[in-house]
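Working notes for the structure below.
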Amino acid sequence: MTDSDYMMCALREAWSVKGFTAPNPAVGAVIVKDGTILARGATAPPGGDHAEVAALAKAGAASHGATMYVTLEPCSHWGRTPPCSDAIIRAGITRVVYAVEDPNPQVSGRGGAQLRAAGIAVTVGVGREEAQRINEDFFYSISSHKPWVSVKLALTLDGAIADSWGVSKWITGTEARQRVHELRGYHRAIAVGAKTLQADNPKLTVRHGGGTDPVRIVFSSTDEIDRASYFYRHSREVQSILVVNNSAYSAGISQKEGIHRWYTGCDDRREGIQRFLSLAWSEGIDSLFVEGGSGLVGSFLEARAVNRVYLFYAPQILGGGQKGLVLPPMPMNESLRLTNVTYTQYGEDLLLSGLLPRT
Ligand code: AOF
Ligand code: ZN
């Protein structure tokens, strides 16, 4: 087995806890000696062990003289937990291979430097691309001080998100919908528009695949909430926020009937989104999953406030000419073009995902 093979095991460990570690990145570690994996570890929920410490605890005294593969630079600071670098040195690990530097300004290179200073051989960059992908939200938000934003739509082949009678349940099949639950769990908050709340009464919970239930956010132009909605009735279970984009209300934050109300103080959709994002970051929301409807997703795209797009295409045609996205027309050479595009099949549906540039 090569360095990349062992790193692949560590990356698998990291993926297994994605959605359970926020605001910490999801990290995996494996400890190897004489060609044998002695132990695996992954980041525990905040306040719990980091991946390295979890793996060291399992390996015990055997980690003396072993190599550690870890998907992020080991931390060197006192946060909620003690520095991993100290634990690695104490355990007698002689070589550390990590995938990518920790962008946290409290670490960023110091973890690696501390290991080297203790005489440990350090290799950096094995599996870098995937390690960055796992924590793309963390990497983006910690350096830009803005929440990472993903948008998701389920579409027919002719680009519809509902039939001409407004029925949208269900365009995609079970496997795709399970994947959506997993994606919800990867984000700190889920947002929908008031129209979607009205039409679909979504629960906005994580029901398959795990992950912590995200904060629920509804965008509206008034501060009226449908009292029969799941969002209203279950607002005390997790933080629930109504974002009101309307200059008739002055900008600010308040709380009423268990629901946080964020007033942007403006009418413009794009400006409202930018104000919302600053507020969200200052309130600790570092990633957001925008689930619809087409108006809200369109506004985020128009505001150039989207990092990642998830488009689920179902092999069906609805006709009627209804459009999935509400966006002003763009000439061909100014279109929103995704990069790093991947295509994955879920059941009979196709998930197309890619990145967009952010302003
Ligand atoms: C690691 N291994 O598994 C993770 C790391 O408050 P703390 O002590 O939990 O530290 C949080 C920071 O530690 C976090 O912002 C990130 O820089 C790093 N995460 N580091 O060595 C891990 N999850
Ligand atoms: Zn650590």
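Both counts, for ligands and for their atoms, begin at 1 and track the order of listing. From a predicted model like this one, the values you see are computed outputs, not experimental measurements. Heavy-atom basis, side chains included; hydrogens, waters and symmetry copies ignored.
At a heavy-atom cutoff of 4.0 Å, ligand 1 is contacted by both the backbone and the side chain of T81. Contact annotation for C84 and ligand 1: only side-chain heavy atoms (C-beta onward) come within less than 4.0 Å of the ligand.
Annotation: atom 16 (C) of ligand 1 to nearest protein heavy atom, D102 OD2, 3.3 Å. Looking only at heavy atoms of the protein, atom 13 (O) of ligand 1 is closest to H50 CE1, 3.4 Å. The shortest contact between atom 23 (N) of ligand 1 and any protein heavy atom is with P25 O, 3.1 Å. Nearest protein neighbour of atom 2 (N) of ligand 1, counting heavy atoms only, is E52 OE1, 2.8 Å. Scanning the protein heavy atoms around atom 15 (O) of ligand 1, the nearest turns out to be N104 ND2, 3.2 Å. The protein heavy-atom contact nearest to atom 4 (C) of ligand 1 is V27 CG2, 3.6 Å. Atom 14 (C) of ligand 1 has its closest protein heavy atom at N24 OD1, 3.4 Å.
Look at R207 and E182 and you find no salt bridge, because none of the NZ, NE, NH1 or NH2 atoms lies under 4.0 Å from a carboxylate O. Classification of R133 and E136 as a salt-bridged pair holds, one side-chain N sitting under 4.0 Å from a carboxylate O. Between R177 and D349 there is no salt bridge, since no side-chain N of the basic residue sits under 4.0 Å from a carboxylate O of the acidic one. Ion pair R275/E271 flagged as a salt bridge, since at least one NZ, NE, NH1 or NH2 atom sits closer than 4.0 Å to an Asp/Glu carboxylate oxygen.
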Let's go through K18 and E13 carefully: what are the C-alpha distance in whole Å and the side-chain angles of both, what is the deciding distance for salt bridge (Lys or Arg N to Asp or Glu O under 4.0 Å) to 0.1 Å, and is it a yes or a no? CA-CA 9 Å; K18 180 72 182 167; E13 288 299 307; over 6 Å; no
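The hydrophobic clustering, which links ILVMFWY residues whose side-chain heavy atoms are closer than 4.5 Å, places I285 and V297 together. Criterion: ILVMFWY side-chain heavy atoms under 4.5 Å apart, direct or through other members. Under it, M1 and I31 are not part of a common hydrophobic cluster.
A cation-pi arrangement, defined by a distance under 6.0 Å to the six-membered ring centre and an angle within 45 degrees of its axis, is absent between K152 and Y310.
Close contacts between ligand 1 and H77 involve ligand atoms 10 (O), 12 (C), 13 (O) [criterion: under 4.0 Å to a heavy atom]. Proximity to P74 (heavy-atom distance under 4.0 Å) selects the following atoms of ligand 1: 21 (O).
When the options N245, N246, D223 are evaluated for a side chain to side chain donor-acceptor pair (under 3.5 Å) with Y263, the one that passes is D223.
Among all heavy-atom pairs drawn from S221 and Y249, the shortest one is O-CE1, 4.0 Å.
A heavy-atom separation below 4.0 Å is not found between Q106 and ligand 1. Contact between P46 and ligand 1 is absent, with no heavy atom of the residue lying under 4.0 Å from the ligand.
Sorting the N, O or S atoms of H50 by how far they are from the Zn ion (ligand 2) puts ND1 first.
Ligand 1 has no N or O atom lying under 3.5 Å from any N or O atom of V107, backbone or side chain. The shortest N/O to N/O separation between A51 and ligand 1 falls below 3.5 Å. Any N or O atom pair closer than 3.5 Å counts here, and L72 shares no such pair with ligand 1.
More than 12 heavy atoms of other residues, nucleotides or ligands sit less than 6.0 Å from atom NE2 of H145.
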